[in-house]
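Here's the structure we're looking at; comments come further down.
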Amino acid sequence: MKLDAHVAQDAIIVDAAKDIKVLSRLSWPADKMTDFLDGWHRGEPRLPEVAYPGAADLDQRLRALEGAARILETFDDPVADYLCATARSYVVLCELLANAGTRRMLEASRSLYGMPGDSLSDGRVNNIDAARHFLEQSDQYYQSTHLQEDDYCVPAQVIKEDLDRRLAEVFPNNTVQVVIDANLASKAAAGATRIRLRGDTCFTGYDLEQLLQHEAFVHSLTALNGRAQPAIRSLGLGAPRTTAAQEGLATFAELVTGAIDIDRMKRIALRVIAIDMALNGADFIEVFRFFLQSGQIERESFNSTMRIFRGAPLTGGAAFTKDVVYLHGLMEVHTFFRWALSKQRLQLCKNFFAGRMTIADTITLEPMFNDALIAGPKYLPLWMTRTNGLAGYLAFSIFANRISIDSLDEHHRFDKVQDLSD
């Protein structure tokens with residue numbers, strides 16, 4: 001392996017890709033929500049009118065990425081493969097941005113993020129199956145239980161103070177800062193060194209834990225670890241090809257820490273179903289109505305619908321499919337962690353945090369970690385430093401999956417138990 005040559009191409013990729021930001025280029029002005037909801041309240045809803053900047057200003061960066069990929073293709077080693085795939089994924093992203101607002105964006109979105117009908121790793125179920133399962137479980141939960149958790153509102157300033165305190169447990173010296181942004185469209189957004197909170201919204205205790213485990217201790221943490229790499233700095237990029245693994249790992253972190261709740265699973269599942277609706281011809285208004293009918297308030301329904309139609313024509317037939325990766329990635333990462341434990345290779349799971357990479361990268365790059373060409377993670381979330389606890393959870397999960405839930409009815413005669421809620 002010619003490391004010097006790879007480091008040179010790595011530097012080109014980092015320089016070319018570092019400012020290609022998909023979400024900022026596809027974001028909508030805040031007044032689009034106000035205008036749409038005003039029309040909705042009058043009984044005259046209209047499709048929002050959204051313009052995108054295109055990608056003409058990225059031509060020079062695109063040529064640099066394509067040139068790096070062509071050079072890297074001449075090598076045959078895991079690092080070259082990683083770098084080449086990373087460069088190629090940014091090329092596809094540029095294609096998506098260049099075609100934003102048209103149906104031509106769909107092929108790039110499909111390549112980067114997948115589709116609702118894509119199968120999970122065992123081939124027996126797909127993303128839509130998973131989404132319908134979580135929606136069914138959510139509906140059954142609320143229909144059968146009388147336990148309602150307190151509905152309370154925590155201001156952004158209080159969440160900020162709690163985040164600052166908890167972040168210091170993993171990141172020293174104020175490495176990751178929390179700021180309040182009144183103009184933020186989503187409730188929160190995270191970069192490598194900054195987490196933004198929307199100022200005019202309510203948060204809950206679940207929001208706090210999800211922000212910590214998902215945004216800070218996965219997204220920010222892996223970006224910082226990647227930037228700290230001594231040679232391969234592309235590991236610090238949020239390359240589109242790593243999105244599914246990143247979101248899967250972040251959602252898995254919510255799961256193993258108890259930060260996820262049934263409402264969050266429902267929101268993720270609804271987005272998968274809504275993407276499928278849009279792909280099958282539903283327009284922005286129809287998908288907005290679907291979220292409303294599913295229990296979301298108007299503002300949340302607009303934001304959910306906007307996520308799906310970013311960069312896509314609002315008349316239906318295409319969608320920005322990124323939100324498919326949350327369920328798909330969760331299933332894949334959960335399976336990977338269980339596999340790693342069963343094969344006595346839990347160290348691979350630690351390597352997963354050393355930068356932004358896919359599950360396959362983590363495996364193929366293992367020799368580079370062993371030879372110290374890639375450094376282990378500088379930071380780790382607390383749950384990953386307590387691997388005895390993680391191993392216990394995974395061991396139980398592996399065995400529990402062998403027990404059929406349906407068999408419990410026959411064994412314990414649950415079907416004969418009177419429903420006390422009648």
Give the table of side-chain donor-acceptor pairs shorter than 3.5 Å for residues 353-361, with sequence neighbours excluded, one pair per line with atom names and distance.
from : atom 1 : to   : atom 2 : distance (Å)
R356 : NE     : T222 : OG1    : 2.9
R356 : NE     : Q246 : OE1    : 3.1
R356 : NH2    : H219 : O      : 2.6
T358 : OG1    : A360 : N      : 3.4
T358 : OG1    : D361 : N      : 3.0
T358 : OG1    : D361 : OD1    : 3.4
T358 : OG1    : D361 : OD2    : 3.0
D361 : OD1    : R241 : NH2    : 3.1
D361 : OD2    : R241 : NH1    : 2.8
D361 : OD2    : R241 : NH2    : 3.3
D361 : OD2    : T358 : N      : 2.9

Practice item. Using modelled atom types only, decide if a donor and an acceptor are shared between the side chain of Y141 and the backbone of I262 within a distance under 3.5 Å. Key: no
Review point. So, E73 and R70, do they make that salt bridge, N to O below 4.0 Å?
Key: no
Review point. Regarding D10 and S234, is there a side-chain donor-to-acceptor distance under 3.5 Å anywhere?
Key: yes
Practice item. Please name the pair of heavy atoms, one in I308 and one in V287, separated by the smallest distance, quoted to 0.1 Å. Key: CD1-CG1, 4.5 Å
Check your understanding: Are N351 and Q347 close enough that a side-chain donor and a side-chain acceptor fall under 3.5 Å?
Key -> yes
**Study point:** Backbone of P172 reached by a side-chain donor or acceptor of T175 within 3.5 Å
**Key:** yes
**Study point:** Salt-bridge contact D276-R132 (side-chain N to carboxylate O under 4.0 Å)
**Key:** no
Practice item. Would you please test H328 and E247 for side-chain hydrogen bond (donor to acceptor under 3.5 Å, both in side chains) and show each step? Key: CA-CA 9 Å; H328 191 100; E247 298 299 352; over 6 Å; no
Practice item. Test side-chain hydrogen bond (donor to acceptor under 3.5 Å, both in side chains) on T193 and Q177 and set out the steps. Key: CA-CA 6 Å; T193 59; Q177 297 182 334; over 6 Å; no
Check your understanding: Checking K266 against F134: charged group under 6.0 Å from the ring centre and within 45 degrees of the axis?
Key -> no
Review point. Ion pair present between D162 and R166, side-chain N to carboxylate O less than 4.0 angstrom?
Key: no
Point to revise | Approximate separation, where rounding is to 0.5 Å, of K21 NZ and S27 OG | key: 13.5 Å
Practice item. In sequence, state the C-alpha distance, the side-chain angles, and the governing distance for Y393 and W383, and then conclude on side-chain hydrogen bond (donor to acceptor under 3.5 Å, both in side chains). Key: CA-CA 11 Å; Y393 165 82; W383 62 269; over 6 Å; no
Point to revise | R194 bridged to E215 by N-O distance under 4.0 Å | key: no
Check your understanding: Step by step, would you call S304 with R307 a side-chain hydrogen bond (donor to acceptor under 3.5 Å, both in side chains)?
Key -> CA-CA 5 Å; S304 296; R307 292 176 66 105; over 6 Å; no
Point to revise | Output field: ring centroids F336/F352 closer than 6.0 Å | key: yes
